[in-house]
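Written below as structure tokens is the structure these notes are about.
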Amino acid sequence: MDISRQGTGQKLVARPALIAALDGAFDRRLTLIAAQAGAGKTTLLRQWVAAHPERHFTRLDVEAADDDPAHFARRWITALNSSRPATARASATIPAQGDGFGPALIASMANALASPHETVILLDDVHHFTNVTLVADLGRLIERMPRNAHVVLASRVDPPIALSRYRLNDDLLELRPAQLAFSESESAALLEQISGRRLEPAQVRTLRDRTEGWAAGLQLAALRLRREPDADSFISEFSGSDRLVADYLGEEVIAGLPPARRRLLLEMSVLDDMCASLVDAATGTSNAQQILEELEHECMFLVPLDAQRRWFRFHHLFSDLLRSRVRAENPAAELRILTAAADWHLARSSVKSALQYLLRAQARDGAMEAMLASVADDAAHGEVRTLPHRQPPLRDALRTAQMNEELFAGLRHAWGGGTSSQASPVNGRGNGRTDVQRGWGFVAAQVLWRARPDISTDEARRRLAELTQNGPATHATSAALVEILVSGGRAYFLAGNTNEARAWLSRALVAAASDVVGRVSALGALSLVEAWCRNTALAEILMRDALEAARDAGMLAHPAIADAYLASVLTALEPQPAKHPEPAPQLAPDDESDTAPAPSDAATVRHPLATRPPPRPAESGVAAFDDQKLVATVLFERAAASITLGDTEPAREMVAAWDELVQVSTPLSVVQNHILRARLAAIDETPDEAIRELTSALKVAEIHGLVEVFVQAGPLILQRLSMISGPQAAFSDVIRTRARQEDVPVSVDLAEPLTERERELLAYLPTRFTNDELARRFYVSVNTIKTHMAHIYRKLDATTRDGAIERARELGLL
């Protein structure tokens, strides 16, 4: 087909710089345009042809049938015939059989192209060739072509042609994804042309960075912008999980992959920056270097990060899509890879990278250890050098992930909180604000993240004694005292001493006075303690006091309110209020002060320090909530609990007010709303409405890989999912498969079920941690780990770790 003067019929964004670069093809025998799907290769060729009406171009789009050499040769000769009639004579040399052109056809075609006239041959979609012999013969033909012939190949993969010879002779022009990426100005023009709206420079920059200038990504974003009233909101959330992007990549890239390669890509997508060693360690492969080279060769959205091509990452949108798929299909694999990646980085002292993986895995103990190691290195190598003789053992102890009182004291001293020569971090004297923040950050992390309340409570008591050493605590600043008392109260709560926790938190309420943050913290923590003790009515009052105080102060998104939200979930799950506990005991004599609260009245459920009156029935609904991301989950849990208990009115009230209450909408909140509506529709015996709501929920959930929210919604929702048809049916099957996996009882085919600790340990077996490493992670002795392992082997009827892993997988325990 001669397209020398054929128009495209499309409005295209002008790319003069790229077309000028492609003009270099007129001086070279071979040009290769190799880039991923949707990079704009075909469009670029159209623009290039249109820019040179004075030249003759012959274009051929390669098809799957062209793997037959005779079929491809006839198509090529026909396309060339109008401009080079001499090529028609080559038809006589087309082989009747064989995998390639053969010497006769190669010689005949090369001779037919020899003429004074310049010939430019465009072969698009060369990646459709799978006949290696045919492509090799195509390479031989290009080598024998006269200098007046120029061949341009456009492909998603590098063809199996010896390109190095052309490079050495400067006879090869290459355009790769980096050259095809749209600039910011080109992106602005494309977005405006397709969407019909002019975007602000900052909006264009965000989309360009998110798509990395990928043409298809920009086009799909522009198509969505046509019908999006709020451009800022759409742009901030645009990702590879967007429906149009997911469909395009799924159809054009992922669908054609062999199952093994698809599975490996899903696992690799969990990683951020990756090298061969990291991929091997995280995915269990042994040939990651070869795999990375193949992926780059195949233009599989792999971006090199260094000149040596040792480090890579996936394109942002491609990574987004793959990660959403792996979360939906195999979250256990995601957790395993995150943990393995963190261990790989820790082994190389790359603490910050390890911390990112640990936080994504919600491995709080491991994250705490990584942060401590980072702080220790800063203390040892930075400005703090107060105890030189203790620094090496301090670093060594941290790197072995040990945590004890001696280590805690060493860190406290390094932060300036352990010598009389330095200002106290609590009383505010001196100028060591950074040390104060580090010290208190450490204390807070100990309380919140680590199961070592013995250290946390001792530290809280020490801080309180230090604060009161020059007089009663009332003489100290209220904020400092409240911070200590709330930390101590939470530490005692985590240690299981709820009476002591009440005493500390009650004192914190008194000390808070007009300190809103302190008061909200204390009320929230106290409500959590009471909810945990099943004192539902009291917990509700304290929780609402905390929420109302936070709302009045405009701090509903403040971390101080987190305990109150957690308390609200616990109280929603408890149908009947429990008896009010005995009066809380006071602190030990050495910590007593005139701020100690009076004993509470056991005859009433009202806490003596909750100053607001109990809410009237009309105020006890959802009015205490406001716009922040935690609200949706709290409302969902409370509504689901009320439905389970047979009381649908609170759920209906929450659903009716959902848009008003959940002002910060997230994909999860949208799904939760639809699920609640589906449950209520099912109760109301309107099945069609229930199916419509579930279908809407699935559309959003599939894009973002949200599976657990359906599993946790209960059997009614899972039963309704079996009735889903159409595009969402496949994702519905994924959810129901996950539900069946999670529903497998631990005691399946086991004469003696595994204990909770044994199940926790079983989850670590595939990681290949040693007994010493497991002992450090579980804070037990090596002998205890060995005992647990022996019990696991016996119960699973296995004699080795591999046997135990295999048996556990058969039973659905891993």
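In this chain, residues are counted from 1 in sequence order.
The shortest side-chain heavy-atom distance between Pro667 and Leu706 falls under the 4.5 Å cut-off. In this structure the side chain of Val270 reaches within 4.5 angstrom of the side chain of Leu338, judged on heavy atoms.
With respect to the salt-bridge test (charged N to carboxylate O, under 4.0 angstrom), the residues Arg490 and Asp563 qualify. Of the charged side-chain nitrogens involved, none lies within less than 4.0 Å of a carboxylate oxygen, so that Arg544 and Glu548 do not count as a salt-bridged pair. Ionic pairing of Arg210 and Glu237 is not present here: no N-O contact between side-chain nitrogen and carboxylate oxygen is shorter than 4.0 angstrom.
Listed by chain and residue number, Ala539, Ala567, Leu570, Thr571 satisfy the side chain to side chain contact (heavy atoms under 4.5 Å, CB included) test with Ala531 (two or more places apart in sequence, or in another chain). Judged as a side chain to side chain contact (heavy atoms under 4.5 Å, CB included), and not counting sequence neighbours, the contacts of Ala341 are Leu271, Leu278, Tyr357. Judged as a side chain to side chain contact (heavy atoms under 4.5 Å, CB included), and not counting sequence neighbours, the contacts of Thr498 are Phe493, Arg502, Val529, Cys533. Not counting sequence neighbours, His674 has no partner by the ring pair (Phe, Tyr, Trp, His ring centres under 6.0 Å) test. Legend: residues meeting ring pair (Phe, Tyr, Trp, His ring centres under 6.0 Å) with Phe238, ordered by chain and number and at least two apart, are Phe234. Judged as a salt bridge (Lys or Arg N to Asp or Glu O under 4.0 Å), and not counting sequence neighbours, the contacts of Arg327 are Glu334.
Interatomic distance, Leu485 CG to Glu483 CD, rounded to the nearest 0.5 Å: 10.5 Å. Put simply, CG on Asn535 and CD on Glu540 are 12.0 Å apart, with the number rounded to the nearest 0.5 Å. Atoms CG and CD, from Leu505 and Glu500 in turn, are 10.5 Å apart once rounded to the nearest 0.5 Å. Distance check, rounded to the nearest 0.5 Å: CG of Leu526 to CE of Met543 gives 13.0 Å.
Of all heavy-atom pairs spanning Val482 and Gly518, the tightest one is CG1-CA, 3.5 Å. The shortest non-hydrogen separation linking Asp320 to Ser239 is OD2-CB, 3.3 Å. Val671 and Ala697 get closest at one heavy-atom pair: CG2-O, 3.7 Å. For the residue pair Ala546 and Leu523, the shortest heavy atom distance occurs at CB-CB, 3.7 Å. Residues Trp504 and Tyr492 share a closest heavy-atom pair of NE1-CE1, 3.4 Å. Contact detail for Trp658 and Ser669: the closest heavy-atom pair is CZ2-O, 3.5 Å.
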side-chain contact (heavy atoms from CB on, under 4.5 Å) between Phe636 and Asn673: does it pass, once the steps are laid out? CA-CA 8 Å; Phe636 180 76; Asn673 187 13; over 6 Å; no
Checking Ile675 against Ile717 for the side-chain contact (heavy atoms from CB on, under 4.5 Å) test, could you report, in this order, the C-alpha distance in whole Å, the side-chain angles of both residues, the deciding distance, and whether it holds? CA-CA 8 Å; Ile675 290 176; Ile717 291 297; 4.1 Å; yes
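The main-chain N or O of Gly524 is found under 3.5 Å from a side-chain atom of Ser527 such that the two form a donor-acceptor pair. Of the possible donor and acceptor atoms, none in the side chain of Ser233 sits under 3.5 Å from a partner among the backbone N and O of Asp230.
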